[in-house]
Amino acid sequence: MKLSFWLIDINPKIGGACCELWLWGIDQSGSRVLIIERNFNAYFYAVVEEGCDPSKTAAEIMNAYSSSILNAEVVERKFFGKPVQAIKICCKVATETVKLAKTLREFEGVKECLEDDIRVAMRYLIDNDVAPCAWYEMEAEEEEKKSSVRVDKVYDAKSIPKPLSQVEKPQLKTLSFSMISYSREGSPKPDRNPVVIISTVSGDGKEKQFIADDEKNDGPTLQGFIDYVCQFDPDIIVSFGANAKDWDYLIKRSHRLQRTFDVDRSKKEPHTSIYGHVSFTGIANVDLADFMDVFPEVKVKTLSNLAHYLGVMKNESGSEIEDVEFPDYWEDLKKREDLIKFSLNNARKIHISATLLLDFAMQLSNLVSLPLDHVMTAAVGFRVEWFLIKQTRKIGELIPRRIEQAYRPYAGGLVLSPKPGLHDNIAVLDFKSMYPNIMIRYNLSPDTYVAPEEPEPPAGVYETPEVKHRFRKAPPGFYKEALTYLIEVRGKIRVQMKKLNPTTVEYSVLDARQKAVKIITNAAYGYAGWIGARWYIKPVAEAASAWGRHTILSATHLAEKKGLTIIYGDTDSLFLTNETEKLIELKEKIGEDLGLEVEVGEVYKRIFFTEAKKRYAGLRDDDSLDIVGLEVMRGDWAQVAKEVQEHVLEIILKEQSPKNAVIFVRKVIAELKQRKIPFHDLIIWKTLTKAPEEYSIRAPHVEAAKMLKEKGWRLSGGDKVGYVVLSGKGRFHSRVKPYVFATYEEIDVDYYITNQIVPAAARILGFFKVTEKELSREETKESEEIKSLMDYV
DNA sequence: GCGTTCAATGTACCT
DNA sequence: ACAGGTACATTGAACGCG
């Protein structure tokens, strides 16, 4: 019979010699289905030495390893663009490709073995052009339901899935959860600390909490949660930070209580899989913490910051409870209610955030073919790589092995020195997707690179400026194909979106799709220069940046010829005097001469630069500020300093009055001296890049981290530490404390004045000859002259 | 012993 | 575990001085 289904997940089921692929999905009627593919064989390629007879080698291999090989077929493939003869070797046991390939690398006549490291589930998806999070149709025969799996129907696959055009996703059952453990000794540990609250919110809005009666027995809490998950049977389970903490905790805690955390659809416990994530058979485990790199604007990667950024649950305030306060809240029966509510609110935040983020994750999963529960945990490089693997499959390029490479730096983008001061009416000219378009324009690709010792190909070559790398002009390389496809698809999506009402489901799905496409497009250049890339060829990345420098430099010359003044430029942008006619001419000329498209991006009524690159503030036409690179944008400055700087910039750009700015700064300083500035605005956050003990210098955030550790809080590389500066004697780093342990009384107000507010303000006002000393003065005296702006322009 | 100088270290940002 | 270019604070050793 014909079966239509939406693919959620795929996993290999390996038992003995046979390999089954389990496809988990939802059919048109909403039934949860498991489709079992029993006829897909894992394979790899043995590339034959030049001058060897591939048929003969294939026969010899077949003879020598008949017990493990199903068949060995001679095929024509390409490797880095060069035709090769290869033997496609199908293995009897799916997990043995790596072992067999290793052996065959030593085989007479075999030059190299490739693609043995492609796991069978991904192999199936790639070879059959099947991607998760989409509808398919296939021939399948219903078979007897297994008691070992939690699905409505089980099928035996009789064909390869064929894509259906249906866009809407099925009704997915999502379950969001958040948990709190009780520990008096810092970070909770499953061997000693119970899980006291678990809160869940299901996709249909049903809220449920599992709460321990007291901290001595969390057995019922856990069991209640386990039973509920099994009964609810989610397609997607959503959390914030569970991959790093909760799953392991729940599993270990269950074991301690002689229970099994067997909640997945094969009635087993989740297992840790590749890319350091936790895999549930048949269920997509989505951890919103893995989305945080999509939002670099959110500096401290917490659930509440994410929710706030997304505009989720705006109206609640002051209900934050810090980890260190959990035991106090739990022990006090009155405050316990607040903790329980806090936990439920966390689950709600996860649930609502998930509704805003899942479409994007599904589109990305579908675009690169990584299953939904892998795609956000996979690093950017791997997402790009799987997308490229899909492309190369179509053109017969063999997938290189990942080889350990030595790091060799190369020159990147060109940054022009800004003209310091205030400028009126400035337009920013941006090259559209500069690196992707350069790679397309000059056919930069791993399979088009012509090494120095190689002869020039018939179609000729593009030779890179400065670095003189050569790339064949034709035929197109697979980067060109892939990037052209991505840019075209995004263009089409955006055209479609313009015809739609932005509140429709279709619009938001398309928006998610175009975001996914954009991310992969923009990451392709970085991928090319990444030493971990399978297709790492340094000249490809080096050529792209060299063409980039050539392009922007040529553009500056053209702009100057037109009589435009260049204020600043960085990599693919030029800040120019906004003279409409000349800009239109320039855009055209750039298109003609350089073969790349530019567009006017931001237009500023007024813009301010210091002497520093990558730092400026512009005033847009609608009077909004665009602040770039300055302290305002940084996560490692106290909020009070950032707000002061922002307001100073506003005064400078709008009123052009350094005097008013100085008065304002002094007002805030006075407030701080009276401790009227909120405590939270004094916290400084810094990332721990390694374990605290590994630092060679005594840095403040490291010292604060050590204090947290002493109290039992676990910290490691990647964690952010929030600290405040206290008064007292001794070196700076000995005067800091984690903010959760500090009181306002201890705060060294002078530090915040001298090292935060004043420098942040002086960064801007220094240009107007206002000194730090002047800023630090307490009051503005009647007699005092603050030079007016006009004295300096 | 104390203040100054400067390279090294560390973090975060921009495109 | 996508790239290189850049700014800046703080540390800590070297240095100069008396």
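Proteins get letters first, then strands, A, B, ... in listed order; numbering begins at 1 in each. Side chains are part of it too, since the values below use all heavy atoms of this structure and drop only hydrogens, waters and symmetry mates. Please read these numbers as outputs of a predicted model, since none were measured by experiment.
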J.: With a 4.0 Å cut-off on heavy atoms, is A:Ser545 in touch with a base, just the backbone sugar-phosphate, or nothing at all?
T.: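 Nothing, no heavy atom under 4.0 Å.
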J.: Return no unless some side-chain N or O of A:Lys686 is found under 4.0 Å from OP1 or OP2 of C:dT10.
T.: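 Answer no for this pair, as no side-chain N or O of A:Lys686 is under 4.0 Å from OP1 or OP2.
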J.: Does the pair A:Trp530 and A:Tyr407 meet the rule for a ring pair (Phe, Tyr, Trp, His ring centres under 6.0 Å), with working shown?
T.: CA-CA 9 Å; A:Trp530 174 42; A:Tyr407 171 72; over 10 Å; no
J.: Tell me what A:Tyr616 touches on the nucleic acid: a base, only sugar-phosphate, or nothing, going by heavy atoms under 4.0 Å.
T.: sugar-phosphate
J.: Give a yes/no on whether any side-chain N or O of A:Ser696 is located under 4.0 angstrom from OP1 or OP2 of B:dG10.
T.: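 Yes, within the criterion.
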J.: Just to be sure I understand the rule, does A:Gly532 reach a base, reach only the sugar-phosphate, or reach nothing, if contact means heavy atoms closer than 4.0 Å?
T.: nothing
J.: From the options A:Asn437, A:Leu596, A:Ile590, A:Leu414, select the one residue that forms a side chain to side chain contact (heavy atoms under 4.5 Å, CB included) with A:Thr551.
T.: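 The passing option is A:Leu596.
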J.: Among C:dG12, B:dA12, C:dC2, which nucleotide sits nearest the side chain of A:Arg731?
T.: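 Looking only at heavy atoms from C-beta outward on A:Arg731, the closest nucleotide is C:dG12.
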J.: With 3.5 Å as the limit, what N/O pairs link the protein to nucleotides 4-8 of chain C?
T.:
unit_1: C:dG4; atom_1: OP1; unit_2: A:Tyr407; atom_2: OH; d: 3.1
unit_1: C:dG4; atom_1: OP2; unit_2: A:Tyr407; atom_2: OH; d: 3.4
unit_1: C:dG4; atom_1: O3'; unit_2: A:Tyr410; atom_2: O; d: 3.2
unit_1: C:dG4; atom_1: O3'; unit_2: A:Gly412; atom_2: N; d: 2.7
unit_1: C:dG5; atom_1: OP1; unit_2: A:Gly412; atom_2: N; d: 3.0
unit_1: C:dT6; atom_1: OP1; unit_2: A:Lys613; atom_2: NZ; d: 3.0
unit_1: C:dA7; atom_1: OP1; unit_2: A:Lys613; atom_2: N; d: 3.3
unit_1: C:dC8; atom_1: OP1; unit_2: A:Arg615; atom_2: NH1; d: 3.2
unit_1: C:dC8; atom_1: O3'; unit_2: A:Arg763; atom_2: NH2; d: 3.4

J.: Just say parallel, tilted or perpendicular for the rings of A:Tyr568 and A:Phe609, cut-offs at 30° and 60°.
T.: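 Answer is tilted, since the angle falls between 30° and 60°.
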J.: Kindly say if A:Asn522 contacts the phosphate of C:dA3, meaning a side-chain N or O under 4.0 Å from OP1 or OP2.
T.: no
J.: So what does A:Lys538 hit on the nucleic acid, given a heavy-atom distance under 4.0 Å: a base, only sugar-phosphate, or nothing?
T.: nothing
J.: Give, for atom CZ of A:Phe478 and atom NZ of A:Lys390, the distance between the pair rounded to the nearest 0.5 Å.
T.: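 Output value for this atom pair is 15.0 Å.
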J.: Among A:Lys686, A:Arg698, A:Arg731, A:Arg735, whose salt bridge (Lys or Arg N to Asp or Glu O under 4.0 Å) with A:Glu703 holds?
T.: A:Arg698
J.: Do A:Glu599 and A:Lys587 pass the salt bridge (charged side-chain N to carboxylate O under 4.0 Å, His left out) test, and can you show the C-alpha distance, the side-chain angles, and the key distance before you say yes or no?
T.: CA-CA 7 Å; A:Glu599 61 187 342; A:Lys587 273 162 68 174; over 6 Å; no
J.: Mind checking A:Arg383 for me? I need base, sugar-phosphate or nothing, with any heavy atom below 4.0 Å counting as a touch.
T.: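 Nothing: the residue A:Arg383, judged by heavy atoms under 4.0 Å, touches no strand.
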J.: Base, sugar-phosphate, or nothing for A:Ala699, non-hydrogen atoms under 4.0 angstrom?
T.: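 If one applies the 4.0 Å heavy-atom cut-off, A:Ala699 turns out to touch nothing in the nucleic acid.
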J.: May I ask you to verify if any side-chain N or O of A:His701 is less than 4.0 angstrom from the OP1 or OP2 atom of B:dT11?
T.: yes
